[in-house]
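Side chains included, hydrogens not; waters and symmetry mates left out as well; all remaining heavy atoms used. Worth saying up front: this structure is predicted, and the values here are computed from it rather than measured.
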Amino acid sequence: LGLHGPCVSYDTACSAALAAGHAGLRALQLAECTVGLVVGVTLMLGRGVGTSFAVAGMKSARGRSHTFDARADGYARGEACGGVALRGGMNDVAAVGLLGSAVRQDGRSASLTAPNGQAQQGLLVAALQDASTSVNALTLNEAHGTGTALGDPIEAGSLVGTVLTAREEALAVGGVKANIGHAEPAAGMTGLLKLALGLRAGAAAPN
């Protein structure tokens, strides 16, 4: 494309595309570029990775990601290629304002599939502060929502502790993995695109 700005590849597992988006937003804010391209891609080209995840007990025996569902037993893998352009000035994503961003490390936790709820709450607070947004201004939360019996309740609890207890109204919560599976490194991008489309349409898509 003939681009000359900062260029970095990110591998932070499921959060890779969103970590790249965070860096892209900061590059715009620091005037390192006027347009930022953020792309997330995952392809299932071999059986090895999927087999190792199944052996580790991370995949759903039912073949679906049952996000925030009593049937949750793991996730289904999905492929994706998606991207957004961040433009200076408006800093918009698909004509929807990207007001702020935050990235945090999970810190100490029991395992890869047992997220740290306290760290998640810190991330939510930091993102709201960076966007100068109050919890009452939110209308929809696009969750990580892998469809695991352990991770989903921790994420829901983090949302309750940080956002819902301080709100006066209900909050719509969704998870794109229930629709298309877990796109792993591109998962954050699929969630961001779903959220942007929902905001443009003024409707929250069902799981």
To the nearest 0.5 Å, tell me how far [X] [atom1] sits from [Y] [atom2].
X: Thr139; Y: Leu199; atom1: OG1; atom2: CG; value: 6.0 Å
X: Lys194; Y: Ile180; atom1: NZ; atom2: CD1; value: 9.0 Å
X: Ser15; Y: Gln105; atom1: OG; atom2: CD; value: 9.0 Å
X: Ile154; Y: Leu159; atom1: CD1; atom2: CG; value: 14.0 Å
X: Ser65; Y: Lys59; atom1: OG; atom2: NZ; value: 10.5 Å
X: Arg108; Y: Asn116; atom1: CZ; atom2: CG; value: 10.0 Å

Which atom pair, heavy atoms only, marks the closest approach of [X] to [Y]?
X: Ala17; Y: Gly40; value: CB-CA, 4.2 Å
X: Val41; Y: Cys81; value: CG2-SG, 3.8 Å
X: Cys14; Y: Ala187; value: O-CB, 4.1 Å
X: Asp130; Y: Ser101; value: OD2-N, 2.8 Å
X: Ala72; Y: Gly147; value: CB-O, 3.3 Å
X: Ala16; Y: Asp11; value: CB-CA, 4.3 Å

Q) Tell me the side chain to side chain donor-acceptor pair (under 3.5 Å) pairs involving residues 74-85, sequence neighbours left out? A)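 Sorted result for residues 74-85: Tyr75-Glu184, Arg77-Glu184.
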Any chain of hydrophobic side-chain contacts (each under 4.5 Å) joining [X] to [Y]?
X: Phe68; Y: Leu164; answer: yes
X: Met58; Y: Val49; answer: yes
X: Val176; Y: Val173; answer: no
X: Leu30; Y: Leu25; answer: no
X: Val135; Y: Leu124; answer: yes

Under 3.5 Å: donor-acceptor pair, side chain of [X], backbone of [Y]:
X: Thr133; Y: Ala131; answer: yes
X: Glu155; Y: Gly145; answer: yes
X: Glu168; Y: Asn136; answer: no
X: Asp73; Y: Gly63; answer: no
X: Arg167; Y: Ala170; answer: yes
X: Ser60; Y: Arg62; answer: yes
X: Asp152; Y: Thr67; answer: no

Contact between [X] and [Y] at the side-chain level, heavy atoms closer than 4.5 Å - yes or no?
X: Leu98; Y: Val84; value: no
X: Leu138; Y: Leu128; value: yes
X: Asn141; Y: Val163; value: no

Q: Tell me, yes or no, whether the heavy-atom count around Gln118 atom CD, taken from other residues, nucleotides or ligands under 6.0 Å, exceeds 12.
A: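 No, not enclosed.
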Q: Please say whether more than 12 non-hydrogen atoms of neighbouring residues, nucleotides or ligands are located less than 6.0 Å from CZ in Arg64.
A: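 It does not: Arg64 CZ has 12 such atoms or fewer within range.
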Q: Report the C-alpha distance between Leu1 and Leu37 in whole Å, list the side-chain angles of each, state the deciding distance to 0.1 Å, and finish with yes or no for side-chain contact (heavy atoms from CB on, under 4.5 Å).
A: CA-CA 11 Å; Leu1 298 176; Leu37 296 180; 3.7 Å; yes
Q: Mind jotting down which residue pairs meet the ring-ring contact (aromatic ring centres under 6.0 Å, His included) criterion with at least one end in residues 8-46? Sequence neighbours excluded, please.
A: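 Output for this query is empty, none listed.
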Q | Partners meeting ring pair (Phe, Tyr, Trp, His ring centres under 6.0 Å) with His144 (sequence neighbours left out) | A |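 His144 satisfies ring pair (Phe, Tyr, Trp, His ring centres under 6.0 Å) with His182 only.
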